[in-house]
Undergrad: 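First the structure, which I've put down as structure tokens, then a few questions once you've had a look.
The figures here come from the full heavy-atom set of this structure, side chains too, leaving out hydrogens, waters and symmetry mates. Lettering of chains follows the sequences in order, A, B, ..., and the numbering in each one begins at 1. A quick note: this is a predicted structure, and the numbers were derived from the prediction, not measured.
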Protein chains: 2
Amino acid sequence: MPRPADVEALKQIAILGGLHDAVELASGEFAQLIDVSQQTASRRLIELTDEGLIKREMGVRKQRIRITAEGESLLRAEHLAYRRLFERQERVRVRGSVQTGLGEGRYYLSRPGYDAQFQDKLGWRPYPGTLNLDLGGAEANKLKFLRKNPVYVIEGFQAEGRSFGGVLCFPARIGDQEAAAILPNRTHYTTVLEVIAPVCLRESLPCEDHDRLELDVLLEADGATGVTVRPVPGADA
Amino acid sequence: MPRPADVEALKQIAILGGLHDAVELASGEFAQLIDVSQQTASRRLIELTDEGLIKREMGVRKQRIRITAEGESLLRAEHLAYRRLFERQERVRVRGSVQTGLGEGRYYLSRPGYDAQFQDKLGWRPYPGTLNLDLGGAEANKLKFLRKNPVYVIEGFQAEGRSFGGVLCFPARIGDQEAAAILPNRTHYTTVLEVIAPVCLRESLPCEDHDRLELDVLLEADGATGVTVRPVPGADA
DNA sequence: ATTACTATTCTACGAGTAT
DNA sequence: TATACTCGTAGAATAGTAA
């Protein structure tokens with residue numbers, strides 16, 4: 001994995017035009033550009049070459065430097081990271097580990113008061129069981145952001161002589177699998193995000209406890225699901 | 001000036017939401033995030049604080065970290081740099097030092113064959129004299145890019161029993177001053193960009209030999225100049 | 001001119017640990 | 001538990017210089 005100083009050096013070469021063309025550069029010039037000695041600049045160019053991020057043709061007074069496809073994709077990844085920070089983002093990627101569920105998800109999801117609302121908002125009926133994703137320490141900060149930007153609000157209700165609390169709900173994807181993330185309204189201090197889907201995720205992914213998963217949480221109502229064509233019973237008879 | 005490792009650390013805090021909200025983070029968690037020891041992570045947070053890039057509230061188990069306005073502008077500058085690399089750029093910023101001219105600019109610019117074409121393309125008549133900007137070593141690579149992406153092509157012509165060569169021309173700005181950059185068609189191996197303007201730049205900026213200047217070269221025909229309303233002689237009589 | 005090796009300096013990392 | 005100090009050390013940066 002390239003160090004931050006390498007990425008910065010590569011960026012400077014790109015600014016000079018190294019993405020589109022060979023750049024003519026002496027190690028001494030490069031040194032000024034990244035504010036180090038000529039020797040360090042020379043070594044950095046060797047490192048970048050060894051890492052496959054640039055290609056060099058040595059000349060007598062200058063070297064011709066071109067950023068490789070690999071180097072470009074590294075810079076594009078940086079670009080994407082900054083876009084996500086500052087350009088209106090439509091999804092949040094969270095990483096977490098599959099947690100042993102308490103089995104209560106199955107009970108809650110099968111309450112008609114929840115089930116009907118999920119079908120209404122999401123366009124599909126959740127498989128009766130939640131996959132609990134534990135967002136390790138730092139990653140849990142993203143939950144605060146999600147709480148502030150709910151996509152669907154599932155209302156609480158009274159049933160069976162008790163009350164069921166409201167939850168926030170977000171369309172989501174695990175890989176290509178359509179899913180949804182839910183956050184109970186009340187419990188603020190948790191690092192767990194519950195994931196539901198029209199299928200049993202533990203079987204379809206598949207995954208087990210302690211597996212690490214990446215979930216893309218969408219921050220807007222998911223148009224695609226709203227127009228899902230469901231077969232009308234009896235229509236094909 | 002923050003080191004690349006500091007910028008990377010700040011970026012990671014931003015990804016967790018530190019731009020919009022306080023992020024709850026322990027130094028050990030942060031250590032995992034930036035792949036260093038707890039001690040180094042702690043030190044890095046102290047550095048970021050000293051540099052004024054983040055603000056911290058120390059808690060017992062976690063610290064609440066918020067990116068400051070200064071930190072945000074640093075990240076925005078990074079974002080801008082990457083945007084310039086990958087999003088269709090409309091201007092190229094070049095830095096160079098004012099070079100002693102040979103006085104020949106004055107002669108060339110006053111040839112009607114050039115003057116008429118400049119007025120046609122740019123919408124104004126250049127002051128008879130060029131400001132020569134010497135783009136130091138590395139910066140000169142940008143000239144290659146400009147040669148590949150000419151905005152106006154000024155044709156060569158015959159006059160006074162000799163031939164005058166064609167030049168490439170680009171609308172440009174020095175600060176708020178409207179100007180144009182010109183590159184002779186022939187001489188490929190030079191580090192000098194000639195700058196013209198409707199006024200005498202040495203007086204209006206003002207500037208002297210060896211001053212360092214920043215010039216924004218626009219890569220598209222400058223709409224604003226095309227619609228400049230020029231007084232029609234006699235119309236106000 | 002350059003590049004980049006070797007020797008040397010010194011910075012920055014992490015272990016141990018106090019608070 | 002945290003944070004963050006001191007300190008020994010690895011490795012990065014520079015000086016000197018050969019090619």
Undergrad: Can you tell if the side chain of B:Glu70 reaches within under 4.5 Å of the side chain of B:Glu51, non-hydrogen atoms only?
TA: no
Undergrad: Answer with yes or no after comparing the ring centroid distance for B:Tyr114 and B:Phe157 against a 6.0 Å cut-off, counting only values under it.
TA: yes
Undergrad: Quiz question: going by heavy-atom distance under 3.5 Å, is there a donor-acceptor pair between the base of D:dG16 and the side chain of A:Gln39?
TA: yes
Undergrad: Provide, to the nearest angstrom, the distance between the CZ atom belonging to B:Arg56 and the C1' atom belonging to D:dT3.
TA: 8 Å
Undergrad: Round to the nearest Å and state the distance from B:Gln32 atom CD to C:dG14 atom C1'.
TA: 16 Å
Undergrad: Please say whether more than 12 non-hydrogen atoms of neighbouring residues, nucleotides or ligands are located less than 6.0 Å from CZ in A:Arg56.
TA: yes
Undergrad: Please step through salt bridge (Lys or Arg N to Asp or Glu O under 4.0 Å) for the pair A:Glu29 and A:Lys62, ending with a clear verdict.
TA: CA-CA 10 Å; A:Glu29 290 168 356; A:Lys62 303 253 187 182; 2.6 Å; yes
Undergrad: Given atom CG of B:Leu25 and atom C1' of D:dA4, what is their separation to the nearest angstrom?
TA: 15 Å
Undergrad: Within this structure, what is the CD-to-P distance between B:Glu57 and D:dT3, rounded to whole angstrom?
TA: 14 Å
Undergrad: Test B:Asp216 against every option in B:Arg84, B:Arg93, B:Arg173 by the salt bridge (Lys or Arg N to Asp or Glu O under 4.0 Å) rule and name the one that passes.
TA: B:Arg93
Undergrad: Within the 4.0 Å limit for protein heavy atoms, which parts of nucleotides 8-13 of chain D are touched? Write it as a string from 5' to 3', B for base, S for sugar-phosphate only, - for none.
TA: ----SB
Undergrad: For B:Arg76 and A:Leu85, what are the C-alpha separation, side-chain angles and deciding distance, and is it a side chain to side chain contact (heavy atoms under 4.5 Å, CB included)?
TA: CA-CA 9 Å; B:Arg76 281 191 185 278; A:Leu85 290 182; over 6 Å; no
Undergrad: Relative to the 5' end of DNA chain D, which residue comes earlier, A:Asp35 or B:Ile46, by the nucleotide with the nearest heavy atom?
TA: B:Ile46
Undergrad: Is the base of D:dA2 touched by the side chain of B:Gln63 through a donor-acceptor pair closer than 3.5 angstrom?
TA: no
Undergrad: Take atom CG in A:Asp209; do more than 12 heavy atoms of anything else shown fall under 6.0 Å from it?
TA: yes
Undergrad: Roughly how many Å is it from CD1 in B:Ile54 to P in D:dT3, rounded to a whole number?
TA: 12 Å
Undergrad: Which of residues 7-16 of chain A sit near DNA chain D, with a heavy atom under 4.0 Å from it?
TA: none
Undergrad: By the ring pair (Phe, Tyr, Trp, His ring centres under 6.0 Å) test, which pairs, at least two apart or in different chains, include something from residues 4-63 of chain B?
TA: none
Undergrad: What is the distance, to the nearest angstrom, from the CG atom on A:Leu48 to the P atom on C:dA4?
TA: 13 Å
Undergrad: When the distance from CD of B:Gln38 to P of C:dT19 is rounded to whole Å, what number comes out?
TA: 17 Å
Undergrad: In whole angstroms, how far is the P atom of C:dC13 from the CG atom of B:Leu45?
TA: 13 Å
Undergrad: Within a strict 4.5 Å, meaning less than it, do heavy atoms of the A:Leu218 and A:Val151 side chains meet?
TA: no
